Each structure stands twice: as structure tokens, then as C-alpha cells.
*Asks:* 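The structure is given below, and queries will be raised subsequently.
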Amino acid sequence: MRAPVISTRRSAPLALLCAVLSLSCADGGTDGTSDTTTDSDAAAAAADFLGAFDADGLVAPITEEACTLSSGVETTCWRVELKGAPSDHEVGPFCPRSIDDGPESAGIWIESGDVYDVDGAFIVGLADFYNDPEWQLYDEVTGLVNVTDSEASCSAAARPDVDPQYNNYCVECSLDYVDGGIATTVLIPKVPVPIDTPLEIRGAALVGVALNGVAFDPPAPVQAILGAHTIAAFDDCGGHVNLIAGYHYHAATGCSKEVASDDGHAARIGYALDGYAITARVNEDGEEPADLDECRGHTDAVRGYHYHVAYAGENLFVGCFHGDIAASEAGGAGPGGGGGGGGQPPVADCAPGQTSMCCGDGVCDGPETADNCAADCG
Ligand SMILES: [Zn+2]
Ligand SMILES: [Zn+2]
């Protein structure tokens with residue numbers, strides 16, 4: 001399960017390695033953010049970043065290389081090669097097999113800010129849940145749930161333009177279909193570069209990386225999936241598999257590796273694409289900070305700017321990017337977002353049957369080609 005397929009959907013540009021802390025690379029540039037950073041501070045920050053990741057979740061040790069941010073700023077990025085398989089928890093289960101199955105036999109679904117167990121009772125209740133009698137994911141005689149339990153059915157159903165044959169299915173794909181994981185190379189600015197107008201999450205290749213080697217993906221196109229009366233169930237850890245992205249998270253439920261803080265602050269769980277840390281939602285006192293900005297970030301003396309991840313039901317991790325991201329990861333992301341991560345992409349972008357509107361527009365998971373268009377949004 002750990003043998004990854006070495007193919008990336010988020011290609012990084014070939015670039016020369018920068019010398020560590022060379023001025024041309026390490027200085028983020030526009031805001032003078034690194035002007036007051038001493039070499040020892042920078043070295044400590046680098047060690048903090050490198051030490052946070054679980055090596056078992058990575059294809060190779062993290063390196064650094066020259067990169068260009070979406071604003072054109074030249075800087076140094078970490079090159080993080082995710083295995084695409086969690087180093088610290090099992091994958092699945094996703095869909096229940098029978099309407100008698102309890103929550104331990106299935107994963108979760110997220111809707112309108114809440115998290116639900118996708119157990120047999122949830123499957124039975126879908127027509128009421130969505131107030132739509134066309135929901136019928138199970139056989140009324142046998143009680144068996146319609147599940148995509150083959151690679152072919154996963155391929156046909158784990159996309160926004162669901163093959164009509166798989167309408168009214170609980171959709172799941174095994175990590176075995178992608179040989180245990182799809183490796184993804186991600187470039188993350190070594191020194192975050194704050195920007196005046198936050199970048200929208202929508203269109204970016206991904207939101208960030210978890211410390212266990214799994215990508216935090218942009219919001220799942222839930223409305224498109226629901227249009228075909230399908231549930232692309234997540235496991236209890238908030239992840240699921242498609243054939244393009246492999247295993248990826250849409251919610252943080254507390255499964256993945258955490259680096260505890262010794263001052264009562266929420267533990268670190270990953271990094272956003274802009275290089276700022278993402279911490280758990282609540283601090284040790286159980287409270288979410290009251291001063292989070294539209295991106296779900298704030299600043300303190302110990303950590304500087306950082307994010308507090310969103311509640312799992314919100315179908316997002318952070319609201320927007322406070323800092324610039326590598327141009328190669330930007331896709332269709334652009335300034336002007338503000339609270340751009342407010343949920344799902346517009347339905348029209350990924351509506352069932354409207355594949356052409358999805359292709360090449362940078363919406364959903366990232367760079368799209370005619371070949372991966374539909375699955376890219378799954
Ligand atoms: Zn905080
Ligand atoms: Zn997904």
C-alpha cells in the first residue's frame with residue numbers, strides 16, 4: 001500500500017537548487033518580511049518546517065529550489081514530494097455495504113457545515129435529508145447499498161459528470177487502484193510572502209499539505225456530485241480517493257500527524273501552499289481564536305501568521321491564502337478572493353454533463369487536460 005506511483009499532477013518547474021539562505025533566494029522580496037529575520041531565525045524556521053513532516057509520508061527528503069511566485073517574485077521554495085498515502089492511519093472505510101451497517105463500517109459525509117456518519121441509516125434517510133425522493137442508494141428488498149466496488153465503476157462515477165449508470169451510488173475508490181498512492185510534488189515558499197489582497201483557494205492546485213504526506217485539496221464539488229444522486233463518501237479522516245489525485249483530504253478531522261505546541265496553542269497539522277503553518281482549529285482550551293481573519297489566520301508572537309483549520313463540515317481548510325503561492329501551483333487562482341474559500345465551486349463550473357466547462361478552467365483540483373478533466377473535479 002505504500003508503493004507510490006511516481007507521477008505528479010502538479011508539476012514543478014525544473015529549477016536550479018539555490019544555495020541555502022543565499023540572498024537572491026531566501027529574501028521573499030516585496031514586503032520586506034525577511035528583512036528583520038536573522039540567519040539563526042531563518043535556520044530555526046527551516047528546521048521547524050523540515051522536522052514537522054513524517055518522512056514515511058514523503059517520497060524523498062524535502063529539498064529547496066528556486067521558484068517564481070504568482071506575483072512574479074523570485075524566491076526559494078521547499079520541494080515537498082508527497083507519497084499521497086497517509087503515513088499514520090488506514091484509508092477507508094467509505095461506503096456502507098448494507099443499510100444495517102453502523103458507523104464503524106463507513107466514513108463520513110459533509111453538508112452545510114455539518115459532518116454525518118455515512119452509515120446504513122444515513123443511506124436510508126437520504127431522500128429526506130436532501131428532500132428529494134429520487135435518492136435511492138440501496139435495494140429495498142436486500143438492503144444492500146449500491147457501491148462502486150471496482151476500478152471501472154470508480155472511474156465512471158468518481159467525477160462530476162457521473163456516468164448515468166452510476167446514478168444513485170455511494171462512490172468509493174480503493175487506494176489499490178492507484179498502486180497505493182499518487183505522488184505529488186508541491187512547491188511551498190520557504191519564507192512566506194504576505195500579499196495585500198488574499199488569493200482565492202478556488203483554482204489553486206491544492207490548499208496545502210498535511211504532515212503525514214496527504215494533500216489538503218480544494219473544496220469537493222459537492223453540488224455536482226449530488227446532482228447525480230451520488231455520495232463520494234470520505235473516510236473518518238476526511239479523505240477519499242480518485243484516480244487522478246489519489247488519496248486526498250477535504251476535511252481535517254484530527255487523524256493526521258500533529259506537532260504539539262507547548263504554550264497551549266493548537267497543534268500544527270500542516271502547511272498551506274503559501275508557506276504559513278496550518279494548526280488544528282481549537283487551542284488546548286477548546287476555543288477557536290476570536291480574531292481569525294477571512295483566511296482563518298491570525299498572528300501571534302510565537303508563530304507569526306498562521307491558520308486555524310476550518311471545522312470539518314465546512315468543506316475547506318482555510319478561507320484564502322494570506323501569502324503568495326508558487327506560480328506553478330496557482331492554476332486559476334487569482335487575487336480578489338477575500339473569503340474566496342466559502343465552500344464549493346459554482347455549480348456551473350463542474351455541473352454534470354458539462355465537462356467542457358470544467359476542462360482547462362483551473363477549477364477543482366488543478367491543472368486539467370482533456371484526459372483528466374472530469375476526474376479532476378472528483
Ligand atoms: Zn493561533
Ligand atoms: Zn476529492
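What you see is a predicted model; the values in this text were computed from it and never measured. Every number for a ligand or one of its atoms is a count from 1 in the order of the listing. For the single chain, residues carry numbers from 1 onward in sequence order.
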*Asks:* Any chance you could lay out the ring-ring contact (aromatic ring centres under 6.0 Å, His included) test for His265 and His308, step after step, and finish with the verdict?
*Replies:* CA-CA 10 Å; His265 190 276; His308 285 252; 4.7 Å; yes
*Asks:* Ignoring hydrogens and angles, state whether a donor on the side chain of Tyr307 or Asp274 is under 3.5 Å from an acceptor on the partner side chain.
*Replies:* yes
*Asks:* Should Arg303 and Asp263 count as an ion pair when the cut-off is N to O under 4.0 Å?
*Replies:* yes
*Asks:* How long is the straight-line distance from CZ of Arg296 back to OG1 of Thr279, given to the nearest 0.5 Å?
*Replies:* 9.0 Å
*Asks:* Protein N/O/S atoms under 2.8 Å from the Zn ion (ligand 1): how many?
*Replies:* 4
*Asks:* With a cut-off of 6.0 Å (strictly less than), are more than 12 heavy atoms of other residues, nucleotides or ligands near CG of Asp285?
*Replies:* yes
*Asks:* To 10 degrees, how wide is the angle NE2 (His250) to the Zn ion (ligand 2) to NE2 (His248)?
*Replies:* 100°
*Asks:* So which of Phe317, Tyr276, Phe49 actually passes ring-ring contact (aromatic ring centres under 6.0 Å, His included) with Tyr271?
*Replies:* Phe49
